[in-house]
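Reviewing the structure listed below.
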Amino acid sequence: SALQYAALQNTYELHETIGSGGFAKVKLATHLLTGEKVAIKIMDKKALGDDLPRVKIEINAMKELRHQHICQLMQVIETEEKIFMILEYCPGGELFDYIVAKDRLSESEARFFFRQIIAALCYIHSKGYAHRDLKPENLLLDDNQCLKLIDFGLCAKPKGGMDHLLSTCCGSPAYAAPELICGKNYLGAEADLWSMGVLLYALLCGYLPFDDDNINMLYKKIQSGKYELPSWLSSDSISLLNDLLQIDPKKRITMQQLIFHPWVLKGYSSAVDWQTRYYFKDLDRESLAEIALYFNKSLKEISDHIQLWNYDFLTATYYLLLFMKMQGKQPKIKPNMKKYSQFINYN
Ligand SMILES: Cn1cc(Br)cc1C(=O)Nc1[nH]nc2c1CN(C(=O)N[C@H](CN1CCCC1)c1ccccc1)C21CC1
């Protein structure tokens with residue numbers, strides 16, 4: 001009911017549900033000040049139970065990660081019963097559905113997407129995180145064929161850095177690395193690279209390399225490391241799949257080798273440009289000025305507030321104005337929203 005979401009009053013207008021998973025649902029919404037679409041992930045704290053720590057892990061990770069191929073977290077609202085995560089809206093839906101609709105992708109289209117996936121994971125690993133739940137359902141398309149990675153609820157940031165061993169067995173079985181499913185300690189980055197191999201196979205073939213309705217049979221297939229090579233696969237594709245789907249993580253290709261692999265470079269003049277294009281050293285003055293004007297505050301007051309990055313309504317407004325600018329739109333606050341300014345308590 002409308003009352004349930006008092007926390008979003010005067011700031012977002014909610015529309016239809018666009019996704020529902022176990023303990024959460026995602027609704028399309030409009031950020032009223034800019035008119036921009038956002039996706040709001042709504043979780044009930046009671047229903048979450050002992051999954052609540054996973055949400056905190058996801059929120060803390062997403063606050064640290066800013067990259068053109070990661071779905072941007074813009075605001076977090078916590079009430080007695082609910083947690084709301086306001087995230088970037090991706091109007092293209094899941095990569096999973098895109099592959100299903102096309103049956104399978106051509107080698108060049110698979111390469112176009114796989115280079116984006118490499119960029120996202122290379123960036124995440126460089127920040128000390130492993131995603132651990134890579135699959136086409138967790139890669140969304142925006143409105144110009146760009147992929148955005150989501151669902152960081154299973155990610156790990158080992159205390160001792162990326163060469164620190166992990167032990168939790170998690171993620172989706174069909175994408176899980178052999179060392180992960182047999183309970184050994186493993187390195188997050190190496191497990192992500194295996195999942196990238198499964199993902200690449202899914203892009204190129206339209207089905208999974210290891211699949212079985214019986215979980216134990218599935219595990220045996222994964223641990224065998226044997227998978228079918230359909231006739232349409234090129235020898236370059238076969239060689240890259242072989243490098244990624246190595247059962248022994250120490251024989252598996254590393255991220256540094258992957259970004260220079262011949263298959264990844266084929267048809268491109270440069271290696272994967274994995275660094276983030278989001279520049280936050282200095283804040284964007286035009287966006288700050290727009291906010292200062294609207295709330296009748298000084299540029300310095302707004303700039304100091306945004307620098308706190310406390311993921312309140314102002315943080316979301318700043319992100320959205322910045323994204324509008326990146327898309328070549330005027331970063332403007334809608335004039336007819338003037339009447340709301342006195343109601344909006346933005347933190
Ligand atoms: C499906 N779809 C179709 C169109 Br058109 C747009 C979308 C769409 O979902 N767009 C979209 N933009 N931003 C988001 C989404 C979906 N979305 C999601 O976070 N979607 C995930 C999807 N997971 C994949 C495997 C299990 C659940 C989700 C997580 C919990 C509950 C429901 C959904 C965000 C918020 C980040």
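- Considering every non-hydrogen atom in both Cys155 and Ile57, the closest pair reads O-CG2, 3.6 Å.
- Between Pro158 and Leu165, every side-chain heavy-atom pair lies at or beyond the 4.5 Å cut-off.
- The structure places OH of Tyr268 at 7.5 Å from OG of Ser108, a figure rounded to the nearest 0.5 Å.
- Between the side chain of Lys45 and the backbone N or O of Leu52, no donor-acceptor pair lies under 3.5 Å.
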Throw together a table of side-chain donor-acceptor distances under 3.5 angstrom for residues 321-330, partners on residues two or more places apart or in other chains.
from, atom 1, to, atom 2, distance (Å)
Lys325, NZ, Asp284, OD1, 2.4
Lys325, NZ, Asp284, OD2, 3.4
Lys325, NZ, Glu286, OE1, 2.8
Gln327, OE1, Lys329, NZ, 3.4
Lys329, NZ, Glu36, OE1, 3.2
Lys329, NZ, Glu36, OE2, 3.0

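- Residues meeting the side-chain hydrogen bond (donor to acceptor under 3.5 Å, both in side chains) test with Lys251, sequence neighbours left out: none.
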Evaluate salt bridge (Lys or Arg N to Asp or Glu O under 4.0 Å) for Arg111 paired with Glu107, printing each intermediate quantity in order. CA-CA 6 Å; Arg111 179 175 295 110; Glu107 187 173 315; 2.8 Å; yes
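- The shortest distance between side-chain heavy atoms of Ile253 and Gln246 does not fall below 4.5 Å.
- Val100 forms part of a hydrophobic cluster together with Phe96, judged by ILVMFWY side-chain heavy-atom separations under 4.5 Å.
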Does His31 form a side-chain contact (heavy atoms from CB on, under 4.5 Å) with Ile86? I'd like the steps, not just the answer. CA-CA 10 Å; His31 176 265; Ile86 288 83; over 6 Å; no
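- A donor-acceptor contact shorter than 3.5 Å links the side chain of Arg252 to the backbone of Glu190.
- In this structure, the side chains of Ile124 and Leu149 come closer than 4.5 Å at one or more pairs of heavy atoms.
- Below 30°, between 30° and 60°, or above 60°: for Tyr319 and Phe280 the angle between ring planes is above 60°, a perpendicular geometry.
- Of all heavy-atom pairs between Leu314 and Ile306, the closest is O-CD1, 3.6 Å.
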Verify salt bridge (Lys or Arg N to Asp or Glu O under 4.0 Å) between Asp151 and Lys41, making sure each step is shown before the conclusion. CA-CA 11 Å; Asp151 282 357; Lys41 191 169 173 181; 3.5 Å; yes
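- Using a 4.5 Å cut-off between side-chain heavy atoms of Ile, Leu, Val, Met, Phe, Trp and Tyr, with links allowed through other members, Leu208 and Leu139 fall into the same hydrophobic cluster.
- For an aromatic pair to be called close, the ring centres must be under 6.0 Å apart, and Tyr5 with Tyr12 fails this.
- Summarising the geometry, atom CG belonging to Leu166 is positioned 13.5 Å from atom NZ belonging to Lys157; distances are rounded to the nearest 0.5 Å.
- Residue Lys266 places its NZ atom among more than 12 non-hydrogen atoms of other residues, nucleotides or ligands, all under 6.0 Å distant.
- Between Asp192 and Ala130, the shortest heavy-atom contact is OD2-CA, 3.4 Å.
- His67 places a side-chain N or O within donor-acceptor distance of the main-chain N or O of Trp274, the cut-off being under 3.5 Å.
- Residues that satisfy the side-chain hydrogen bond (donor to acceptor under 3.5 Å, both in side chains) test with His164, not counting sequence neighbours, are absent from this structure.
- Contacts of Ser172 classified as side-chain hydrogen bond (donor to acceptor under 3.5 Å, both in side chains), with partners at least two apart in sequence or in another chain: Asp133, Lys135.
- The shortest heavy-atom contact between Ala271 and Ile259 is CB-O, 3.8 Å.
- In this structure, Phe152 has its ring center under 6.0 Å from that of His131.
- Note on Leu105: it does not cluster hydrophobically with Leu140, by side-chain heavy-atom contacts below 4.5 Å among ILVMFWY residues.
- Formation of a donor-acceptor pair under 3.5 Å by the Ser287 side chain with backbone atoms of Tyr318 is not found in this model.
- Judged by distance alone, the side chains of Thr30 and Lys37 do bring a donor and an acceptor atom under 3.5 Å apart.
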Worked verdict on Lys56 versus Glu78 for salt bridge (Lys or Arg N to Asp or Glu O under 4.0 Å): CA-CA 11 Å; Lys56 300 293 182 185; Glu78 185 165 356; 3.0 Å; yes
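- For the side-chain hydrogen bond (donor to acceptor under 3.5 Å, both in side chains) test, residues two or more places apart in sequence or in another chain that qualify with Tyr207 are Glu228.
- Counted by atom type alone, Tyr129 and Glu64 present one or more donor-acceptor pairs between their side chains at under 3.5 Å.
- Each of Leu154 and Ile150 belongs to its own hydrophobic cluster when Ile, Leu, Val, Met, Phe, Trp and Tyr are linked at side-chain heavy-atom distances under 4.5 angstrom.
- Of the possible donor and acceptor atoms, one in the side chain of Gln116 sits under 3.5 Å from a partner among the backbone N and O of Leu147.
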Give the C-alpha distance, both sets of side-chain angles, the deciding distance and a yes or no for side-chain contact (heavy atoms from CB on, under 4.5 Å) between Ile83 and Ile59. CA-CA 10 Å; Ile83 294 178; Ile59 289 171; 4.1 Å; yes
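- By the neighbour-count criterion of 12 heavy atoms within 6.0 Å, atom CG of Asp248 is densely surrounded, having more than that number from other residues, nucleotides or ligands.
- Ser303 contributes no side-chain N or O that, together with a main-chain N or O of Leu299, makes up a donor-acceptor pair within less than 3.5 Å.
- Closest approach of Ile99 to Gly206, counting heavy atoms only: CG2-CA, 4.1 Å.
- For Lys63, the NZ atom sits in a packed shell: over 12 heavy atoms of surrounding residues, nucleotides or ligands are nearer than 6.0 Å.
- A single hydrophobic cluster is seen to contain both Leu245 and Leu134, as judged by linkage of ILVMFWY side chains at heavy-atom distances under 4.5 Å, directly or through other members.
- Tracing side-chain contacts under 4.5 Å through hydrophobic residues (I, L, V, M, F, W, Y), one reaches Ile238 starting from Phe210; they form part of the same cluster.
- The shortest distance between side-chain heavy atoms of Gln145 and Phe112 falls below 4.5 Å.
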How far apart are the C-alpha atoms of Glu58 and Met85, what are their side-chain angles, what is the distance that settles it, and do they pass the side-chain contact (heavy atoms from CB on, under 4.5 Å) test? CA-CA 10 Å; Glu58 176 168 43; Met85 291 172 71; 3.9 Å; yes
Met162 vs Leu187, test: side-chain contact (heavy atoms from CB on, under 4.5 Å). Steps then yes/no. CA-CA 7 Å; Met162 287 307 273; Leu187 288 178; over 6 Å; no
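- Using a cutoff of 4.0 Å between basic side-chain nitrogens and carboxylate oxygens, Asp44 and Lys82 are scored as salt-bridged.
- Between Glu88 and Lys148 a salt bridge is recorded (basic side-chain N to carboxylate O distance below 4.0 Å).
- Using a 4.5 Å cut-off on side-chain heavy atoms (C-beta onward), Tyr89 and Ile18 make contact.
- Judged by distance alone, the side chains of Thr315 and Trp309 never bring a donor and an acceptor atom under 3.5 Å apart.
- Under a cut-off of 6.0 angstrom, the local environment of CD in Glu80 is sparse, with at most 12 non-hydrogen atoms contributed by other residues, nucleotides or ligands.
- Looking only at side-chain heavy atoms (C-beta outward), Leu121 and Leu258 stay at 4.5 Å or farther from each other.
- Of the possible donor and acceptor atoms, one in the side chain of Gln257 sits under 3.5 Å from a partner among the backbone N and O of Thr254.
- The shortest non-hydrogen separation linking Val264 to Arg115 is O-NH1, 2.7 Å.
- Between the Trp194 side chain and the Ala176 main chain, a donor and an acceptor come within less than 3.5 Å of each other.
- For the pair Pro178 and Ile222, the minimum side-chain heavy-atom distance is below 4.5 Å.
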